[in-house]
Amino acid sequence: MTSASDSTAEELSKLGINGEWTAKAPPSLQKNLQLLSPDQVELAKMLVDMGQTHLFDHWADPGTDDEEKKAFFSQVTKLDHSYPGGLVSYIKNARELLANSKAGKNPFDGFTPSVPSGEVLKFGEDNFLNFEVEGVKEARRAAFVLVAGGLGERLGYNGIKVALPAETTTWTCFLLQYIESILALQEASNRIARDGCQREIPFAIMTSDDTHTRILQLLESKNYFGMKQSQVTLLKQEKVACLDDNDARLAQDPQNKYRIQTKPHGHGDVHSLLYSSGILDIWHAGGIKWVLFFQDTNGLLFKAIPASLGVSSIRQFHVNSLAVPRRAKEAMGGITRLTHADGRSMVINVEYNQLDPLLRSSGYPDGDANCETGYSPFPGNINQLILELDPYIEELRKTGGAIKEFINPKYKDASRTSFKSSTRLECMMQDYPKTLPPTARVRFTVMDKWLAYAPVKNNPEDAAKVPKGNPYHSATSGEMAIYRANSLILREAGVKVDDPVIQVFNGQEVEVWPRIVWKPKWGLIFSHVKKKVSGSCSITQKSSMVIDGNGIFIHSLSLDGTLLVKSSDEAEVKVEGKVQNKGWAMEKVDYKDTSVPEEIRIRGFRINKLEQLEATHNESGKFSLKP
Ligand code: UTP
């Protein structure tokens, strides 16, 4: 006769569980093992071996909460699969980083900073134009990756950030702007190649549980904004387990004791996701040479893309970080070469709060200071990267896409033994070069800030509190930056554009330039703009102008009001003469006025369309617009 416990022991031994292991497992888990599949038992063993028995302390006897127990293991399976090396690696890495943090170890100990080499470009100069042309040529061998998994807590917008209008003259949302820019690059690049082959630029978007469904819905509802659905790949990042203490005990979800609490791991996940999805090999087989990474709310970025891709190509950069001139102490990471006494060397972003102490401790007594140019010698990182695909794949084959992580626990007191709330490992996409050998060509390209960088990250209240001299990074400043850049580009092309006026919206003092907007296919690079603007043109500050069509040519136009011109790809439209009307006025809106849509409120103004001249040519042929 066999007893019940004998049969359980038999079952367990079939699952490979022996007495030695069961002795380590808490009784609450032992009793429930029979509910688990062999794979789940393996995971249970792993959790016990990794000191996570507390997760089972409250488990009810079999028959109670059984579905919840299975759901717990589904979650553990997911956490295990989505981290390079699984949960064992995650817990080990966490213990190491937590120990370093407790000991107050500086991750840059032993490293000496110096200024790395790179390319510094000025908009409109000859080499800028040459790099732009090269960039357009290379674009058909590029793939774009948008990291869009972030919650955007600082902005506090109710929708997803990529659905937010970049500007409200045309109400173009970020995602539409990005897709139109990629399609314009694709078209121009295929045109230059003249090999009859219409290549399609792949576009991957990293989403998360916080953004995935809404990004997919946005794309589907807008028919992928004109891009082929087959060009777009969504890759969803998973969150990582939270940690309760310095032993890296996984935190239970406060809402459900049968779940582990999770939080976002950061945009560094993009590398492991691209690798594990197999998409890099597909791109490689399809002739892709470059991968361009960018973020969700920079309405200027694509003005900087052609030239910086051109730099990557001509200078043969394996890693090219886009950067802008940075003033000392500005809240922006600096791109720095770090050389270790043991011979290690890397070019990497150093966060601004780490740069000053690092410099002071390495023979720069003034720390983070400006040099004779009036700027810090360390270029300001804007977190847009261009990687050459071959060496990228080679590196990921070694690392699996794992990026050096960091941890930022908020300790309860100076003993650094307990946390105010659970913490987790995080990683950043710009830390990719940390594992590269010193032979890798890791460089940067500096662009004018007005051309390249104006992200929308902060809500109006926080933006208004930004210390003077620092950028607001709000919806207001992001929109104004687009008008400013377009005005400055037209000025450079010879148009007399009036100076801006200073206005205050939502407590932020901004320059208001004429509201000039064009579709990417009209003015993809500066030489395109120059070809399309001729004669003596002028635009007053109160004006707005929207150009939507590749074949629109502006000749001796004097604009004082609003002009909207739209044409099909087959039409050529010449716009000339004097346009004068009441135009579109900007009216202040109070952020707190909840009767106003959020997209408008967060800017602090709305556009009142008083009067405009509008011309549309959908048919092919040559047209002239002479008011
Ligand atoms: P941000 O620094 O803007 O962070 O991310 P965030 O999480 O979106 O916003 P806050 O900090 O909560 O206010 C920079 C870029 O990285 C993406 C964001 O979507 C943005 O494009 N990101 C961030 C991810 O894709 N995943 C993450 O886990 C975090």
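Atoms within a ligand are numbered from 1 in the order they appear, just like the ligands themselves.
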- Counting only heavy atoms, which portion of K161 has something under 4.0 Å from ligand 1: side chain, backbone, both, or neither? side chain
- Message: For P264, which part has a heavy atom under 4.0 Å from ligand 1: side chain, backbone, both, or neither?
- Response: side chain
- Message: Can you tell me how the ring of F294 sits relative to the ring of Y178, calling it parallel under 30°, perpendicular over 60° and tilted otherwise?
- Response: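 Plane angle over 60°, so perpendicular.
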- Can you say whether the rings of F111 and F108 are parallel (under 30°), tilted (30 to 60°) or perpendicular (over 60°)? perpendicular
So, [X] and [Y], do they make that salt bridge, N to O below 4.0 Å?
X    : Y    : result
E138 : K289 : no
D368 : R327 : no
E180 : K521 : no

- Message: Against ligand 1, does S208 come closer than 4.0 Å with any heavy atom?
- Response: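 Not so, S208 does not reach ligand 1.
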Just to confirm my output: which protein heavy-atom neighbour is closest to [atom], and how far is it?
atom                    : answer
atom 12 (O) of ligand 1 : E153 N, 2.7 Å
atom 15 (C) of ligand 1 : Q295 OE1, 3.4 Å
atom 3 (O) of ligand 1  : K457 NZ, 2.9 Å
atom 25 (O) of ligand 1 : G149 N, 2.7 Å

- Task: Check the pair I182 / M227 against side chain to side chain contact (heavy atoms under 4.5 Å, CB included), numbers first and verdict last.
- Result: CA-CA 9 Å; I182 295 170; M227 193 172 250; 3.6 Å; yes
Ignoring angles and geometry beyond distance, decide whether [X] reaches within less than 3.5 Å of ligand 1 through its nitrogen or oxygen atoms.
X    : answer
H265 : no
G150 : yes
M206 : no

- Could you list the atoms of ligand 1 found under 4.0 angstrom from a heavy atom of D296? 18 (C), 19 (O), 20 (C), 21 (O)
- Residue selection (non-hydrogen contact nearest atom 1 (P) of ligand 1) among Q237, R154, H267, K263: R154
- Message: Going by the closest heavy atom to atom 17 (C) of ligand 1, which one wins out of L146, V147, D462?
- Response: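 Closest candidate by heavy-atom distance is V147.
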- Item | R397 and Y275, any side-chain heavy atoms less than 4.5 Å apart |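 Result yes, sub-4.5 Å side-chain heavy-atom pair found.
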- Query: Taking C-beta and beyond as the side chain, do W450 and F123 meet within less than 4.5 Å on heavy atoms?
  - Reply: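 Contact flag for W450/F123 side chains = yes.
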